[in-house]
Amino acid sequence: MTMTVPASETITYAQVRPPFWRRFMDGLPRGTGLFFGYGVLFILYLPIVWLMILSISGEPLTGIPGDWTLTWYEDVIYADIAQRDGEAYGSNFRVGDPLLLSIGLAFATSAACVIGALIVGPVLPRVKRRGPLLIGFLMPLMVPGIVAGVGLFMWYRLVINVKMGVWSLALAHFVWAFPFALLAMLVVASRFDTRLMEAAEDLGASRWQRFWQIEVPILKPGIFAAGFFGFLLSFNELPFSIFMRAGQDTLPLYLWIQSGAHNTTVPLIYAMSTLVTIVSIGLTFLAIKLAFGGGKDGKQ
Amino acid sequence: MANSDVAALRTAGSDGDQILQVEHATHRFGDVVALDDVSITARRGEFLTLLGESGSGKTTLLRIVAGLERPTRIARIAIDGEDVSAIPASRRNCTTVFQHYALFPHMSVGQNVEYGLRVRGIDRDQRRKRAEDALTLVRLLDKYGRRVHQLSGGERQRVALARALITEPAILLLDEPLGALDEKLRVDMQVELLDLHEKLGLTFIYVTHSQEEALTMSDRIILMRRGRIVQEGPPTDLFDRPASRFVADFMGVENLLEGTIESVQNGTASVRIGGHVISGAWSGAGPAEKGAAACVAVRAERVRLAPHGVAIDEPGVNTLPCTSGATIYKGKYLDQTLDTDIGPVKARIWDRGVDVNDLEALWWRESECAITSNENGAGAGSGDDA
Ligand SMILES: Nc1ncnc2c1ncn2[C@@H]1O[C@H](COP(=O)(O)OP(=O)(O)OP(=O)(O)O)[C@@H](O)[C@H]1O
Ligand SMILES: [Mg+2]
């Protein structure tokens, strides 16, 4: 306890030469980080905004905005309706069936994700050796979509040799979206105080009542998040769909094929993409509001 | 104290009126024996306290009664005469006030209180009326529509109480309900709980690790240690007649002097400590045996001081020559350490006129100390358990 440091050896922070990166960072002007962040956002959103602007321009293929019109939107809608009635139309762009298929798949995936996450989510944090289990459930997040898609395809077509169809698409979408949904649920479920379930049991609640009246309302943000992830991830999914489609076109798949095929349909793709983006953003806000807004929950 | 009169009345009640019987309960968590062959009973309307240090098994015992924990082994558990060993917590006629309250965060105060009625399918109007009654009882009627997180700790505690009371259970289990409250609030709530107990006539089983709380509130105290019952009886028993050195220490006896029993007669034991012989009533669990190690337990407030030249002309007192030691100022009184040839003895001095530097001896009445076994481990038998 009598260790003394000679005055000449006293070390202060000012005298230590900071490492290179520290000096570099200190040398940067204030607000550099924020500026960088804005830059990333800019790179991300500029093409989307540009695409939206072109979708209401008269000559989108030139890449120059102007000559505002909604004609491409009309085409997206009428091309499908007209061809359905057997008329010839300017383009053979038919988005109706893929759209319906994508919406149907998205709802199914969403429902399956909610149910799966609600079953697995609350028990996982309470399992003793949950590490390997957790990794197992979340592993699909780390496997590239293309690889998993090829894997699934090979397995079902070549090994098991069953016919692909809507069912295989739905399965692939679930496999893809479930880890995200589960992760969203785990964020909420791991903070769930299981002692509340004991309190409810102590007050006379049956297993079913405890589930519906305590667990589900408290896990509500997780449920919404899981359903929302399930919906959007399925709706936007491309790599799995390529392999598991078996003649079925989802909306992203259809747009992808069309964008590679005809120059004439490109303006329609702009319009369709804009519509999808706007609806997606709308859904996102709605989901966030439903899950975290409200505040006055606890309905009976 | 009115409380002890009630206690006397209740302990005199017939044995047939037992609302709770737990016989030979043992519970293990892996290698940890949380409860080691414990038997307790509670009479209808009794305020029974489970007292013990942290980890002594109080919560485990309470959870077994509530049905939230399945004991490793149990001979019998009955509530109101009915064997409930196969009945789940949700259908046992008792409710718990948890130390951590466990209020439902997604419900209002009113919905929390009503929950026990809601799961029983009672209609909304009736529920509301009874919730208001329960909230009136805990003086929180104006908070019916509040969110739980808008309440103070004391208010939450009272909501938890109202929630547990609303189903009118046969037994109310309270697990350190005042543990999270500050000193002042705790004292207020102690009084409120006693009032409530008086008013409702329910059986309370109350867990605490504070001996003061146990003494002021209980009809009967069960003192536990390492999963076993060390002593049980009315507060005065534990306070004045500790069954072992451990009990005396736990009940806050400041002076524990170790010696050897020299003689025993008519329930009075004499103990040799160094060159002195000290006498007092034997309060150990078993009979006193000559030559055995024993402990003299005397509270600081019983120790009196004899200034130089003043004779102690009272029969039946223990006297020790002493000199003054350290003094600690405590506001209302002084904690004075006195040095004797058998070690330091603590005295509590209320009278500021006493000159502690001019002392000849300290003394106390034989009737005001207890002689008990020197047992300090968990090996003590289960007191006067029949
Ligand atoms: N779920 C559990 N798993 C393993 N051991 C446990 C568990 N619950 C309690 N124990 C152990 O059992 C013993 C008794 O615990 P209990 O909670 O009954 O004590 P307590 O008297 O209520 O203590 P406290 O005053 O700290 O609440 C302790 O040694 C504790 O570590
Ligand atoms: Mg406890």
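By convention in this document, chain letters (A, B, ...) are assigned in the order of the sequence lines, proteins followed by strands, and residues within each chain are numbered from 1.
Within the 4.5 angstrom heavy-atom criterion, only side-chain atoms of B:R63, from C-beta onward, approach chain A. Contact annotation for B:L117: neither backbone nor side-chain heavy atoms come within less than 4.5 Å of a heavy atom of chain A.
In terms of heavy-atom proximity, B:T96 sits nearest to A:D202 at N-OD2, 2.6 Å. Of all non-hydrogen atoms in B:V119 and A:Q209, the two that sit nearest each other are O-NE2, 3.1 Å. When all heavy atoms of A:A205 and B:S90 are compared, the closest pair comes out as O-CB, 3.5 Å. Of all heavy-atom pairs spanning B:H106 and A:P217, the tightest one is CD2-CB, 3.4 Å. Summarising the geometry of B:A164 relative to A:L203, their closest heavy-atom pair is CA-CD2, 4.4 Å, with the distance given to 0.1 Å.
For the ring pair (Phe, Tyr, Trp, His ring centres under 6.0 Å) test, no residue two or more places apart in sequence or in another chain qualifies with A:F192.
Taking 4.5 Å as the limit, some side-chain heavy atom of B:M107 sits within range of a side-chain heavy atom of A:I214. Looking at heavy atoms from C-beta onward, A:Q213 lies in side-chain contact with B:Y115 at the 4.5 angstrom threshold.
Within a 6.0 Å sphere centred on CZ of B:F29, other residues, nucleotides and ligands contribute more than 12 heavy atoms. Other residues, nucleotides and ligands contribute only 12 or fewer heavy atoms inside 6.0 Å of the NE2 atom of B:H209. Counted within 6.0 Å of CZ on B:R120, heavy atoms from surrounding residues, nucleotides or ligands total more than 12; the atom is thus considered enclosed. Enclosure of atom CZ in A:F107 is not indicated, since only 12 or fewer non-hydrogen atoms of other residues, nucleotides or ligands lie within 6.0 angstrom. Sparse packing is recorded around CZ of A:R207, with 12 or fewer heavy atoms of other residues, nucleotides or ligands lying under 6.0 Å away.
Annotation: residues 119-129 of chain A contacts chain B through no residue [non-hydrogen atoms, separation under 4.5 Å].
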